[in-house]
Amino acid sequence: MSSTSMRTHMCGELRAEHIGQTVSLTGWVGRRREHGEHLAFVDLRDHSGITQCVINDDVDVRSEYVLRVTGVVRARPEGTINENLPTGEIEIGDCEVEILRKAVPPPFPIDHRADDVDENIRLQYRYLDLRRERMQKNIRVRSAVNGAMRTAMDRQGFVEVETPMLVPSTPEGAREFLVPSRKEPGSFYALPQSPQLFKQLLMVGGVDRYYQIARCLRDEDLRADRQYEFMQLDMEMSFVGQDDVLDAVSEAVLDATEAVTGERPPPIERMTWHTAMDVYGIDKPDLRFGMQLVELTEVFASTEFKAFSSAVAADGGSIKGIRVPGAADEYGRNQLDKLTDKAKSLGAKGLVWLKVTDDGFDSPVAKFISDAETAAIKERTEAETGDLILIVADEWMTTCEVLGTLRNDLGRPPVHQGPYAFVWVVEFPLFVGVDKETGRPKPGHHPFTTPHPDDVDKIETDPLSVRSIAYDLVLNGWELGSGSIRIHEPELQARVFKALGISDEEAARKFGFFLNPFEYGAPPHGGFAVGIDRLTAILAGEENIREVIAYPKTQSGADPMTNAPVEGDPKQLAELGLKVLPKID
RNA sequence: GGUCCCGUGGUGAAGUCUGGAGUUCACGCCGGCCUGUCAAGCCGGAGGUCGCGGGUUCAAGUCCCGUCGGGACCGCCA
């Protein structure tokens, strides 16, 4: 497999069993150690590893020269075995060295030391960065993830279908990249934010089980876990319920994890959205650590502390706390003030902190808390002396979100650390919040998501309480993807549109191209999409998806290697009927 | 759109708070010595618009203003 017409082995391949063989290796000069005119050690490197070549002639080879070395595998002399190297027992002697290409010195070392190099420089010379062991590993982890998921989908009877990259602009959702049409100046294609439309129409088309390793594009600001372009394992299946989709995706994701780590994680547990919010304060809970939100509303049922009593009295009010083990001494007044500011910036009216002592609490509000309440707080939070307790009293959602954010800020390990804590978060609300202008509820996922059958009756009467058959896959606090069972009956779709305040005319205008085909017989169907960059990053032990993307963009959307984006050429612009307006300051 | 951090020979850092000659350290690079190294060693050398522009000052890498670039996060990502 690894041999070619130019080489017999890879640089990381040779062992004691090869001693005596004449071999040819190709690769780059990693290190050169010269001992006078007639002895030099050259570490020849390719992605598989390095092999020491002993060169007796006076050959001028330098860092990153590309060589073909032909010689005899021999045992290293006693006392010179390098146990840190898989190939450390052997070396290549009687070397004939062919310089295939000289090289100028690289701007940074092609090894682990480049981890500390400014990322902009690594990206400018990405082709050199990619030569490094870390990048080679990450690219191969990615390939393994793709391969395992593809195999898993094939095995389960899914059919890979490629959907177009030049698509119509869609009215809702993320900002799109526009591509001007040359044939029709003034008209534009959009690059797909996902194959959503096409995959659902594949179901109408009787494909039954579709998947694709799909490129998706969204013109939204970049982050550690977000790029303009990203890859998804996109899938859709017909005549299914939620369990069918979750099982199929679990298979692919667990296979991918096993392919990379060699170990298959346990079956992925499920948690309702409500539990995730209530206990972890976030819809993408990180299950690797505790510090759960503890319910304290009842404890303060008859409290005299006004900040709490008003929350108890309010409809939908909630008081919760988190315990930060052993943190009482770590957090001084200054830091506690910062936490309070943070809580306020997240929408809380305030933050109560209690330092747990043997007697009770050390806190500015300790005097408002009765002995019974103190005992109840300690019992419910399982607090011990030296712990710090943070309490928020507010509307339920605010209480949960604020404490969830603090929990992550204070306790969350780096994303790749520890076990792989997958979790399915199910029963997302159908609607989230209310549009300020229209007063109508806003869709939580997208307007084609099926309402939970038990809640369908409440679409008109209490829309915000309606759950949906929409679900997310979460790993170590990162959202890996989301999906839903789609609405396939027009009556139900009409009710949801009505709740959203979308008129028949508007629905026909905005979504007609999508929904009209359903008239010809849409099967019940549902699907999912898994973010491959994020899954790969976590499996590769990286905290940033740029590390698992061969050619990523910087946070401002530029590519330091190619200098993209570049100004439009006037001739091209003219052909497309485009004119660039001057910048407004 | 916002908040915060960073920018010093090819690379990484110290120096910036408290202004005083481009000073220092490590790696790399070039040359010399060296026959068992593997982060080789020893000796010598070259290499700088302190991101850029403006201001304050007798004097700015250092203080002030602006700007560009990079990063983390918020908004945004139905």
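In what follows, chains are A, B, ... by sequence order, proteins preceding strands, each numbered from 1.
- Sorted by first and then second residue, the ring pair (Phe, Tyr, Trp, His ring centres under 6.0 Å) pairs with a member in residues 31-60 of chain A read A:His35-A:Phe41; sequence neighbours excluded.
- Across all strands, A:Arg74 comes closer than 4.0 Å to base atoms (heavy-atom distances).
- When the side chain to side chain contact (heavy atoms under 4.5 Å, CB included) test is applied to A:Pro429, the partners found at least two apart in sequence or on another chain are A:Trp273, A:Val432.
- Nucleotides B:rU67 and B:rA72 place their P atoms 23 Å apart, quoted to the nearest Å.
- Contact annotation for A:Thr80: base contact, defined as any heavy-atom pair under 4.0 Å involving a base atom.
- Residue contacts for A:Ser556: at a heavy-atom cut-off of 4.0 Å it reaches the sugar-phosphate backbone alone, with no base atom in range.
- For the salt bridge (Lys or Arg N to Asp or Glu O under 4.0 Å) condition, no pair includes a residue of residues 470-481 of chain A, sequence neighbours left out.
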Residues 337-348 of chain A, side-chain donor-acceptor partners within the protein, below 3.5 Å, at least two apart:
residue, atom, partner, partner atom, Å
A:Thr340, OG1, A:Leu336, O, 2.8
A:Lys342, NZ, A:Asp409, OD2, 3.2
A:Ser345, OG, A:Lys342, O, 2.7

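- Between A:Phe41 and B:rU37, a base-stacking contact is recorded: ring centres under 5.5 Å apart, planes less than 30° from parallel.
- Here the two rings, on A:His525 and A:Phe518, have centers that are under 6.0 Å apart.
- Judged by Watson-Crick or G-U wobble contacts below 3.5 Å, the nucleotide B:rG44 has B:rC30 as its partner.
- Across all strands, A:Glu91 comes closer than 4.0 Å to base atoms (heavy-atom distances).
- Distance noted for atom C1' between B:rG66 and B:rA78: 39 Å (whole Å).
- For residues 397-413 of chain A, proximity to RNA chain B is found at no residue, defined as any non-hydrogen atom under 4.0 angstrom from a strand atom.
- Checking each of A:Val73, A:Leu25, A:Thr26 against A:His9 for a side chain to side chain contact (heavy atoms under 4.5 Å, CB included) leaves exactly one that passes, namely A:Leu25.
- Heavy-atom distances under 4.0 Å link RNA chain B to A:Asp116, A:Val117, A:Asp118, A:Glu119, A:Asn120, A:Ile121 of residues 114-123 of chain A, given in residue order.
- Across the P atoms, B:rC68 and B:rU18 are found 28 Å apart, a figure rounded to whole Å.
- Only at 4.0 angstrom or more do the heavy atoms of residues 10-21 of chain A sit from any atom of RNA chain B, so none qualifies.
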Given protein heavy atoms under 4.0 Å, the one-letter contact record of nucleotides 73-78 of chain B, with B base, S sugar-phosphate only and - none, is simply SBBBBB
Give each protein N/O atom lying under 3.5 Å from an N/O atom of nucleotides 39-42 of chain B, with the pair distance.
residue, atom, partner, partner atom, Å
B:rA39, O3', A:Arg31, NE, 3.4
B:rA40, OP1, A:Arg31, NE, 2.8
B:rA40, OP2, A:Arg31, NE, 3.0
B:rA40, N6, A:Glu34, O, 2.4

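- Pairing for B:rG9 is absent, with no Watson-Crick or G-U wobble pair whose two atom distances lie under 3.5 Å.
- Applying the ring pair (Phe, Tyr, Trp, His ring centres under 6.0 Å) criterion to A:Phe431, with sequence neighbours excluded, gives no partner residue.
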Pick out the pairs of N or O atoms, protein on one side and nucleotides 43-45 of chain B on the other, that lie under 3.5 Å.
none

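- Using a 4.0 Å cut-off on heavy atoms, the residues of residues 63-70 of chain A that approach RNA chain B are A:Ser63, listed by number.
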